[in-house]
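Okay, so here's the structure we're looking at.
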Amino acid sequence: MSPLANHTFWKMNGAGNEIVVVDLRASSHVVTAAEARAIAAAEGSHFDQMMVLHKPRTPGTECFIRIYNTDGSEAGACGNGTRCVAWVLMDGSDRKTLTVETRAGLLACRRMGETQFSVDMGEPKFGWQDIPLAEEFRDTRAIELQIGPIDAPILHSPSVVSVGNPHAIFWVDDPYAYDLPKIGPMLENHPIFPDRANISLAAVKSRDHIVLWVWERGAGITRACGSAACATLVSAARTKRTDRAATVSLPGGELHIEWRDDNHIIMTGPTELEHVGTFDAALFADAA
Ligand SMILES: N[C@H](CCC[C@H](N)C(=O)O)C(=O)O
């Protein structure tokens, strides 16, 4: 029995990151920011990210995905949500691989187990204009950015990178020792980030283990952020803090990230189905 088949709405999570998947491949409707906010606010359809599937734009892909944050803004990448989409699209078949498209490009997905999926998140971009930053920084392994008193900053010198969306990673001993719900919004909206940024606090525990807590652009604190895990691993490897593969422990679970020699980042992790339904307005008031 395939648990996901014959529906157009799925409430899922990826390592605790709350994901709604909506299939609009049979429709030409494009969800507006206001609609996304209303769906996020309704009981039964709350999400950190909503993955809306549209008809494919590129031959060989299953769909074009629009990714919405809780605040209605759109993102180019969502690692945990992409794993959930892979499960939805592979469910009920013996397919093990498929490709989807987002604003950030094509993503190849692979089934690794019943509910375990890998996504090729593509290549990181380290150039300041690509992230983007508001001013030139030649070296994005550590940029001049700090909060707190000038002579005793609370956080400083993050690594910055784009993995389809912008990330800043601050290296700390214990992520949970900081008031991220308070600090996060200030850094997310700092003028150095013209498109805002996802803000991570990362503790390197060993060459292959990182503990991570994330304030997400447009969504706030989440229990896991796949693209942040990717951004953190490549930044850690680039600054010689870790090797090129590591387990990243987030509040909601663990992701395995590998930065391959061909420069692609492979993220592997769990997905979970919470409930299914049909995409119509009534659903959002009372999801089964
Ligand atoms: N939770 C996501 C990231 C969502 C993207 C986002 N908050 C943004 O860049 O606007 C993930 O698993 O990768």
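For the numbers below, each heavy atom of this structure counts, side chains included, while hydrogens, waters and symmetry mates do not. Atoms within a ligand are numbered from 1 in the order they appear, just like the ligands themselves. If you read the sequence from its start, that first residue is 1, and numbering goes on from there.
- The cationic group of Arg238 lies under 6.0 Å from the six-membered ring centre of Phe126 and within 45° of the ring axis, placing it in a cation-pi geometry.
- Using a heavy-atom distance under 4.0 Å as the criterion, the protein contacts of ligand 1 are Asn17, Gln49, Asn69, Ala75, Ala77, Cys78, Gly79, Asn80, Asn165, Asn198, Glu216, Arg217, Cys225, Gly226, Ser227.
- Ion pairing of Arg196 with Glu188 is present here, as a side-chain N (NZ or NE/NH1/NH2) and a carboxylate O approach within less than 4.0 Å.
- Tracing side-chain contacts under 4.5 Å through hydrophobic residues (I, L, V, M, F, W, Y), one never reaches Leu201 starting from Ile210; they form parts of separate clusters.
- Ring geometry for Phe64 versus His54: interplanar angle of 30 to 60°, hence tilted.
- Side-chain contact check for Thr222 and Asn17: no donor-acceptor pair (N or O, by modelled atom type) lies under 3.5 Å.
- In this structure, Arg111 fails the cation-pi test against Phe117, since its NZ or CZ atom is not both closer than 6.0 Å to the six-membered ring centre and inside 45 degrees of the ring normal.
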